[in-house]
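Below is a structure I'd like to ask you about.
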Amino acid sequence: MAAVTYPLPTTEVSIMQRSRASSTSSGRLQASQQVQPLDAPKIIVIHPGSQHLRIGRACDLNPLTMLHAVAYKRKHQEGDWPYHDPMLPSLDNINPAQLQVEFEEQRLIASRILQNCVIDDKQRLRVATPPQQLAHFNRKSVAEKIPPPGNLSEERNRQWLDRDAPVLFDEQILRLSTFDARDYDIHFPIQRGELNVHKQKGGSLQCTLQHIERIWSYALEARLKINLRDLRTHSAVLVVNDVYVRRHLREFMTLLLQRLGFQRCFLVQDSVASTYGAGIGFGCVVDIGAQKTSIACIEDGISQLNSRVRLQYGGGDINQVLLMLLRKCGFPYRECSVQDSYVDARLMDKLKERFCHLNAKVCGAQEKQFHLRKQNGQWLRYTLQVGDEAIMAPLAFFHTELLNITGKARKAFTQQPPQEQYDCEDCFDAEYLRETGRKNGARAADPIVAQLLAQPRPLPPITADDEELNVVDQDEPSSNGVAVHNTSSPSVGHAQKHFADTANGVYQYGQGQVMPLDQAVLEAIGRCATNETKRKMYGSILLVGSSVKIPGLAAWLQSCISQQVQPGTEVNVFTKGMDAGMVAWKGAAIMSVLESARELWITQVDWSRHGLRLLRERSPFLW
């Protein structure tokens, strides 16, 4: 395959090699005619998510998109039960009757909001179709038997599921029925935007990394046709979250360079990569994925630290709301169980993409159809009518009380300060800077050190001996979006709780209710340093992620924000003319071949020799 050279812009961000306090200086770099083009076919760009993995060569037009999960064939032993990570967020663990009552209250409130929407210049209001009328039609709807779709050959239909394979990936997992899934342990290594570390089977940090290694190895070898032994001649670019855990990034680097054996690699934050993919120099990036929503303000290729936030809701929560609404109006597929069947969970994801919208002008009953394959191989076609259910489900982004069915205790994740993240392998952490700053009298000489010294003295770090005692259960999800060391010290727990309360209070209102999408964007932009930066962010709000494909979402968000800012402030919410889920991947692919990115690469030899020090010096974000 011939190498592909991406055109360089006339001006690009100059990425500095040393640690920065808040931003880097940008300079105008002229493209040199003598510089050899980077070998794009040898660069692998990896963008892992809670539900999907996007991976491909930097020269590819589109990445390979596959399910980010692995299923292991289990041996039936007494007392050993199968473990299944849910594909969609689970319903809240309360009484089902109480859940229905509370959801119905919020549904009626959202319905009244829609009834007050004006649909044309004549000031006419929307007319909603009652769910009882829709249920009268849907309960009489009977599934029709149909032949397999034209794009599905008869041979492929017969080989729908390989039940003898020891490990299943991608489509094979999505074809597991409730009965078939009992023979497998199924793991999604990333949940709600971070590593899925838990105390159950296969939930330790090292097991989670093994799951990721199996999935990525399968994608490289079986789908991209790259022999794993040839990875020593390839480079890798990994797209990571804006709100990150330092230790997890270290483990990702070790996975890429030492376990998979890439020649070199570097990390880039997803919001920064999205600006490269969209071709903008600044903006507020709103990334709505399957299980999380992250917001970050980007200026000159740098993610502003105070504006980063990750909220615990996404497209999967909308799927649960849609299913609850459809059942209210007599959903004809009554056996649907998204918690037990990955087939049904995937079906709801497709129905959300086909049915949902945020266009107030569309009202009344709409007749829809969908196809479903049963376990015996028979294909069925269902016909149903939907009304305001199609607009009320995505409205949950702006009326988050509807999302309470998947959990009321939602927390906003903000970036934990460096002095709060200890790592036994990081010899130059905040504690080291504090001690050396005192000895050398650098309290006021270096602004970075002065900022660290001005803060309260952190708690004693966990030693290497303590870490060895907590190998399996060391990382537990914390309320501040970072790993929490498993310790029984009361003072440590008090400090962690204090930080969690501070981080979450900004993005919550009422009785701990998480902020709607528009309010969270306003809060993130409001935390920018200057009014000029805020003005630029309002004028460039970029929507990316797999769950922003809902028609009308950008216009609805723009309308909500415009009504809450000062008069005269220009608000522009937009998406790019491509698959919104691929924007960050494309941006990372473009970034990997820029001349300024040459300073970011970390080789396998250098990582083995220097370790975390290289991330501190070369990462394109404040470490």
* **Residues forming a side-chain contact (heavy atoms from CB on, under 4.5 Å) with Glu532, sequence neighbours excluded** => Thr530, Arg535, Lys536
* To do: Could I get the full list of ring-ring contact (aromatic ring centres under 6.0 Å, His included) partners for Phe266, not counting sequence neighbours?
  =>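 ring-ring contact (aromatic ring centres under 6.0 Å, His included) check on Phe266 returns Trp601.
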* Is it true that Asp349 and Arg346 have a side-chain N and a carboxylate O under 4.0 angstrom from each other? -> no
* Asked: Residues two or more places apart in sequence or in another chain: which of them pass side-chain hydrogen bond (donor to acceptor under 3.5 Å, both in side chains) with Asn62?
  ->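 Asn62 satisfies side-chain hydrogen bond (donor to acceptor under 3.5 Å, both in side chains) with Lys586 only.
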* **Those residues that, when tested against Glu213, pass side-chain contact (heavy atoms from CB on, under 4.5 Å) (two or more places apart)** =>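 Result, side-chain contact (heavy atoms from CB on, under 4.5 Å) vs Glu213: Ser217, Leu255, Arg259, Leu260.
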Let me check something: any side-chain donor-acceptor pairs from residues 288-296 under 3.5 Å, sequence neighbours excluded? List them with distances.
unit_1 : atom_1 : unit_2 : atom_2 : d
Gln291 : OE1    : Arg192 : N      : 3.0
Lys292 : NZ     : Ser294 : OG     : 3.2
Thr293 : OG1    : Tyr313 : O      : 2.8

* To do: Name all residues meeting the side-chain hydrogen bond (donor to acceptor under 3.5 Å, both in side chains) criterion together with Gln200; count only those two or more places apart in sequence or in a different chain, and write none if there are none.
  =>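 Counting only residues at least two positions away or on another chain, Gln200 forms no side-chain hydrogen bond (donor to acceptor under 3.5 Å, both in side chains).
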* Asked: Residues two or more places apart in sequence or in another chain: which of them pass ring-ring contact (aromatic ring centres under 6.0 Å, His included) with His211?
  ->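 Result, ring-ring contact (aromatic ring centres under 6.0 Å, His included) vs His211: Tyr72, His187.
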* To do: Check whether any side-chain heavy atom of Asn319 lies under 4.5 Å from a side-chain heavy atom of Val338, and answer yes or no.
  => no
* Structure fact -> For residues 272-281, the salt bridge (Lys or Arg N to Asp or Glu O under 4.0 Å) pairs (sequence neighbours left out) are none
* To do: Mind jotting down which residue pairs meet the side-chain hydrogen bond (donor to acceptor under 3.5 Å, both in side chains) criterion with at least one end in residues 542-554? Sequence neighbours excluded, please.
  =>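 Residue pairs with at least one partner in residues 542-554: Lys549-Asp579.
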* Contacts of Ala390 that satisfy side-chain contact (heavy atoms from CB on, under 4.5 Å) - sequence neighbours left out -> His357
* Got a sec, which residues hit ring-ring contact (aromatic ring centres under 6.0 Å, His included) with Phe169, two or more places apart in sequence or on another chain? ->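 Checked Phe169 against ring-ring contact (aromatic ring centres under 6.0 Å, His included); matches are Tyr218.
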* Asked: Taking C-beta and beyond as the side chain, do Glu401 and Arg107 meet within less than 4.5 Å on heavy atoms?
  ->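 They are not in side-chain contact.
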* **For Gln269, side-chain hydrogen bond (donor to acceptor under 3.5 Å, both in side chains) partners two or more places apart** => none
* Check whether any side-chain heavy atom of His68 sits under 4.5 Å from a side-chain heavy atom of Pro189, and report yes or no. =>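 Result yes, sub-4.5 Å side-chain heavy-atom pair found.
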